[in-house]
Undergrad: 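Below is one structure. I have some questions about it.
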Amino acid sequence: MKLKSYFQLEVSLENLCNRWSEIDYNFKKKYIVDKRIGIRTLDQDPVENLFTFICTKYGEKIELDDLEVDGIKEVYKFPKIAALAQDGVEARLKSLGFGYRAKYISQTAKYICSISNDPDSWLVDTLKYNRTKTGDILSGSADTHVKNNERYPSIKDELLKMTGVGPKVADCVCLMSMRVTQAIPVDTHVLQVARRDYADNSNFVNIIKSRVGSKKTSNRPKSSLPESTTVKMENCSGYDITVQEATELTKIIKSTSKNSKATVTKPIYEAIHKMFNVIFGEYSGWAQSILFVSDLPDSISSLGSNETGASDKPNGIVAGSGDAQPIIQPIIQPTPLSNTTGGRETRSKSKKIKLEE
DNA sequence: TCTGGACCTTA
DNA sequence: AAGGTCCAG
């Protein structure tokens, strides 16, 4: 039962992918024609994911091979939040190479301890399921997938209060640990995909236009429909949009600042978020994960051809992380800061984890 | 309200 | 040079 919940198996990924393929040819091409992959978004532990995403950075990634599972000598548990809130943690983390993110970890841990007597349970008991108000959500029908889209704004707001948690990290946690299926973590890579596949080629606007044209309420040819016609997503609320609005969002997504660097500004972030919500609906976060991973180089996504060849790849079930989140969480030294065992390598530095022999 | 430099480490 | 967030302006 726990595994079923972790993998969110009550959701038919295949049905979703087929639906998305009908909606969007680009998705179909990525999902079916090119790579035939499926990424199942997992329901991961909020505490571990929160602190992991706060300190992930480009290029940081652990390969399973690096861990030498068979020869492993020690396994660290994820630390208690109270331990991370102790004085001296920031300096300790800095010495381990966490850089300026050391402060984020320390301050966020202190913050959570300041608002809850039970810091390790607060994220799931209060923030995720809001048991104090709604009772135990999980006691509902087993056939019903628990979604938190209704509470998405309030959950995200709470996460954004934490130091080091901006829109992207908040959406990572919402999507992968809070059962918010419409959360879209937007980073520079997603920006590239959004521009190339949906903005520069007008794909987004065309999708909305085709919806206008296929509305059953009208038998007129779509060319005669006013562009202000509102398109509603089925089974979704808050996704209404007009062709004009889609055009506006496209402009924002294509816009660049003076230095011409691909920066995800706040307007761009929100435009891309809304665009994916509108295109793919209530599970758009899941859809975006598939687009994201299918755009990665095969060497990174681990889904590409290897000695077995590309043709017999199964539809993968892969941990639902955004960018360079390790498959295995980075491991932070457990509680005893007093226990100065010396600079044991605890960071997720791939290929440099040494097992004492 | 929004922009862009600083943060820190690794590649 | 890259990476997301913070903060000064």
Side-chain angles (χ1 to χ4, degrees), chain A residues 48-63 66 84 89-112 155-177 183-195 248-249 251-274 276 285 288-289 292-293 295-297 299-301 321-327 329-333 343-354:
Chain A
E48 295 184 13
N49 252 1
L50 172 63
F51 285 98
T52 298
F53 276 115
I54 283 177
C55 61
T56 43
K57 50 187 181 286
Y58 177 79
E60 185 168 297
K61 173 171 177 266
I62 284 188
E63 304 275 347
D66 296 333
L84 293 173
V89 166
E90 182 181 338
R92 178 69 189 277
L93 292 176
K94 270 190 175 164
S95 76
L96 291 171
F98 278 72
Y100 59 88
R101 293 174 181 82
K103 187 171 64 183
Y104 298 161
I105 301 288
S106 165
Q107 290 189 358
T108 292
K110 283 178 177 164
Y111 169 76
I112 294 176
I155 294 174
K156 188 168 178 179
D157 281 350
E158 287 300 319
L159 291 169
L160 287 174
K161 292 176 185 171
M162 300 168 186
T163 310
V165 177
K168 189 258 193 174
V169 170
D171 275 330
C172 284
V173 175
C174 283
L175 177 64
M176 301 167 203
S177 296
I184 314 279
V186 181
D187 60 12
T188 55
H189 195 160
V190 174
L191 172 62
Q192 307 298 340
V193 172
R195 277 191 183 150
E248 279 305 305
L249 291 178
K251 274 185 198 164
I252 295 171
I253 293 169
K254 289 168 79 166
S255 68
T256 49
S257 51
K258 295 169 191 170
N259 57 21
S260 76
K261 276 187 179 176
T263 315
V264 182
T265 63
K266 203 179 175 193
I268 290 178
Y269 192 103
E270 283 163 5
I272 292 175
H273 200 293
K274 176 147 192 182
F276 281 126
Q288 182 269 345
S289 295
F292 183 97
V293 173
D295 205 66
L296 292 173
S299 56
I300 294 178
S301 70
S321 94
D323 47 18
Q325 192 211 17
I327 294 169
Q329 311 286 357
I331 297 164
I332 300 171
Q333 181 87 358
R344 187 192 301 286
E345 184 62 63
T346 54
R347 234 174 101 251
S348 61
K349 214 178 198 177
S350 68
K351 300 185 179 81
K352 291 199 176 167
I353 290 179
K354 281 187 180 169

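Here is the naming used below: chain letters follow the sequence lines, and residue numbers restart at 1 for every chain. Just so it is clear, the model here is predicted, and its values are computed rather than measured.
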Undergrad: Could you give the CG-to-C1' distance, from A:Leu96 to B:dT9, as a whole number of Å?
TA: 13 Å

Undergrad: What is the separation between atom NE2 on A:His273 and atom P on C:dG4, rounded to the nearest whole Å?
TA: 15 Å

Undergrad: Quick test of your reading of the model: are A:Glu90 and A:Lys94 salt-bridged, counting only N-O distances below 4.0 Å?
TA: yes

Undergrad: Give one of base, sugar-phosphate or nothing for A:Val264, where a contact means two heavy atoms less than 4.0 Å apart.
TA: nothing

Undergrad: Tell me whether the count of non-hydrogen atoms from other residues, nucleotides or ligands lying under 6.0 Å of NZ in A:Lys103 goes above 12.
TA: no

Undergrad: When you measure from the side chain of A:Ser177 to the backbone N and O of A:Cys174, does any donor-acceptor pair fall under 3.5 Å?
TA: no

Undergrad: Output the rounded distance in Å from CD1 (A:Ile54) to C1' (C:dT5).
TA: 11 Å

Undergrad: Write down the distance between CD1 (A:Ile105) and P (C:dG4), rounded to a whole number of angstrom.
TA: 16 Å

Undergrad: Check every atom of B:dT3, C:dG3, C:dG4 against the side chain of A:Pro267 and return the nucleotide holding the closest atom.
TA: B:dT3

Undergrad: Between A:Gln107 and A:Thr163, is a side chain to side chain donor-acceptor pair (under 3.5 Å) present by the stated rule, with each step listed?
TA: CA-CA 6 Å; A:Gln107 290 189 358; A:Thr163 310; 3.1 Å; yes

Undergrad: Scan A:Phe276, A:Tyr269, A:Phe292 and name whichever one has a side-chain contact (heavy atoms from CB on, under 4.5 Å) with A:Ile184.
TA: A:Phe276

Undergrad: Does any N or O in the side chain of A:Ser106 come within less than 3.5 Å of the main-chain N or O of A:Ala102, such that one atom is a donor and the other an acceptor?
TA: no

Undergrad: Whole angstroms only, please: what is the CG-P distance between A:Asp171 and C:dT5?
TA: 9 Å

Undergrad: Return the CZ to OG1 distance between A:Arg195 and A:Thr256, rounded to the nearest 0.5 Å.
TA: 6.5 Å

Undergrad: Give the nucleotide from the list C:dG4, C:dT5, B:dC8 with an atom nearest to the side chain of A:Pro167.
TA: C:dT5

Undergrad: Tell me which nucleotide among C:dG4, B:dC8, B:dT3 gets nearest to the side chain of A:Thr265.
TA: B:dT3

Undergrad: For nucleotides 7-9 of chain C, tabulate all protein N/O to nucleotide N/O atom pairs closer than 3.5 Å, reporting atom names and distance.
TA:
none

Undergrad: Regarding C:dG4, can its base be found pairing with the side chain of A:Tyr100 as donor and acceptor, where the two atoms are less than 3.5 Å apart?
TA: yes

Undergrad: Separation of A:Lys266 atom NZ from C:dG4 atom P, in whole Å?
TA: 17 Å

